[in-house]
Amino acid sequence: MATYIDGINASNCTVALSSCQFNDAVNLSGSLTLTGALSGTGGINYYNVQTVGNNVDLNFVGSGRDYFVFNMPTSLSTNQDWTLQGDVDPAKIIFNFARPGSNLSLSGSDVFGTFLLTGGGTATLNRSGNRNPSSITGSLIVINNGSALSFGSDNGNNRVNAVINGRPFNPTALRNVPVPGPLPLLGGAIAFGWSRRLRQRLNQAQKAPGH
């Protein structure tokens, strides 16, 4: 799935504007409101992130059909509480940390999304300064390829410092959102042959008596 997300680009995303909106060179910093660009129909709102500021505060606006997909080049660290407006599904907000050393660090913040750590980075979920625990509504997926998951220190006051809840991410659902690209040679030949046979049958039916 990480490879699939990393492979989306301006060309294969924007071929069908009804299903995919590509946002290139995105900077995540400060307080940002991200609105699904595919109103009514839903689809992939793709963000090719270039830089990430500290303590980014995200507000997602959209429907349950919208996917918000972030291809992350670097780490994400925040102590802010994110918000949802509309029927946005937290499991359809996806952060892809596929680059080596990309980390996720939360400090007492409530965030939404599926966080995929496949690049050997770490996920650290700490309490805030006033001892509020971090909370992820969605999924946290850390692939065992050197990645580490840390729930703060072993200090008694900081031991239970994270809550992860929500519906797990379904990668098959994302793959089923149509992002058209060039047909493979074999697939294209099969599709062409099928369409030609279909046209022949239609022509024969029109020439038959009574038509």
Side-chain angles (χ1 to χ4, degrees), residues 1-2 4-6 8 10 13-14 16-98 102-118 123 125 128 132-141 162-179:
M1 177 52 60
Y4 173 84
I5 293 174
D6 196 45
I8 298 177
C13 177
T14 57
L17 293 177
S18 62
S19 62
C20 189
Q21 181 70 38
F22 188 86
N23 300 278
D24 200 9
V26 173
N27 299 319
L28 297 182
S29 62
S31 180
L32 294 176
T33 295
L34 303 171
T35 303
L38 308 167
S39 178
T41 60
I44 298 175
N45 301 282
Y46 187 91
Y47 302 89
N48 191 37
V49 178
Q50 296 298 307
T51 61
V52 181
N54 289 328
N55 300 323
V56 62
D57 181 7
L58 300 180
N59 176 38
F60 298 92
V61 181
S63 73
R65 296 181 178 181
D66 285 309
Y67 284 84
F68 296 86
V69 180
F70 299 84
N71 201 36
M72 303 293 291
T74 184
S75 302
L76 171 63
S77 176
T78 186
N79 60 9
Q80 299 296 306
D81 293 338
W82 298 355
T83 57
L84 301 180
Q85 293 183 33
D87 298 323
V88 177
D89 184 348
K92 294 181 180 179
I93 303 171
I94 302 160
F95 292 85
N96 184 42
F97 295 88
S102 296
N103 307 306
L104 171 67
S105 178
L106 305 180
S107 298
S109 54
D110 295 337
V111 300
F112 301 91
T114 294
F115 300 85
L116 300 171
L117 278 84
T118 61
L125 284 70
S128 64
N132 288 329
S134 296
S135 174
I136 293 177
T137 299
S139 305
L140 174 61
I141 302 173
V163 177
I164 302 175
N165 55 71
R167 188 171 64 185
F169 169 54
N170 182 355
T172 303
L174 177 62
R175 289 193 182 98
N176 287 340
V177 177
V179 182

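These figures come from a predicted structure and were not determined experimentally.
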How about [X] and [Y]: do any of their side-chain heavy atoms sit closer than 4.5 Å?
X      : Y      : answer
Thr114 : Ile93  : no
Leu125 : Ile136 : yes
Ile44  : Gln21  : no
Leu106 : Val111 : yes
Val56  : Leu76  : yes

Which pairs pass ring-ring contact (aromatic ring centres under 6.0 Å, His included) with one or both residues in residues 75-94, sequence neighbours excluded?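 Non-adjacent pairs meeting ring-ring contact (aromatic ring centres under 6.0 Å, His included): Trp82-Phe95.
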With rounding to the nearest 0.5 Å, note down the distance linking [atom1] in [X] to [atom2] in [Y].
X      : Y     : atom1 : atom2 : value
Phe112 : Leu84 : CZ    : CG    : 4.0 Å
Met72  : Ile5  : CE    : CD1   : 12.0 Å
Ser63  : Asp87 : OG    : CG    : 7.0 Å

Quick one: closest heavy-atom pair of [X] and [Y], and the distance?
X     : Y      : result
Gln50 : Pro73  : O-CG, 3.4 Å
Pro90 : Thr137 : CB-O, 3.3 Å
Cys13 : Ile8   : CB-CG2, 3.8 Å
Asn79 : Ser109 : C-CB, 3.6 Å
Gly64 : Lys92  : O-NZ, 2.7 Å

Counting distance only, does the side-chain N/O of Asn45 pair as donor-acceptor with the main-chain N or O of Tyr67 below 3.5 Å?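 Judged by distance alone, yes, a pair lies under 3.5 Å.
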Sidechain-backbone polar pair: Ser134 side chain, Gly108 backbone, donor-acceptor under 3.5 Å: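 Here the side-chain-to-backbone pair exists.
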[X]: ring pair (Phe, Tyr, Trp, His ring centres under 6.0 Å) partners, not counting sequence neighbours:
X     : result
Phe68 : Phe60
Tyr47 : Phe70
Tyr46 : Phe22

For [X], check side chain to side chain contact (heavy atoms under 4.5 Å, CB included) against everything at least two apart and list the hits.
X      : answer
Leu32  : Leu28, Leu58
Asn59  : Thr33, Val61, Thr83, Gln85
Ser102 : Phe97, Arg99

Whether the Asp6 and Asn71 side chains hold a donor-acceptor pair (N or O, under 3.5 Å, no angle test) is what I'd like checked.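 There is such a pair (donor and acceptor under 3.5 Å, judged by atom type) between the side chains of Asp6 and Asn71.
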Between Asn55 and Thr78, do the side chains contain a donor N or O and an acceptor N or O under 3.5 Å apart?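 Distance-only check fails for Thr78 and Asn55.
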Who are the side chain to side chain donor-acceptor pair (under 3.5 Å) partners of [X], not counting sequence neighbours?
X     : value
Asn48 : Asp24
Thr74 : none
Asn23 : none
Ser75 : Asn103

Using the rule given for side-chain hydrogen bond (donor to acceptor under 3.5 Å, both in side chains), can you reason through Asn27 versus Thr51, listing the C-alpha separation, both sets of side-chain angles and the distance that settles it, and then say yes or no? CA-CA 5 Å; Asn27 299 319; Thr51 61; 2.7 Å; yes
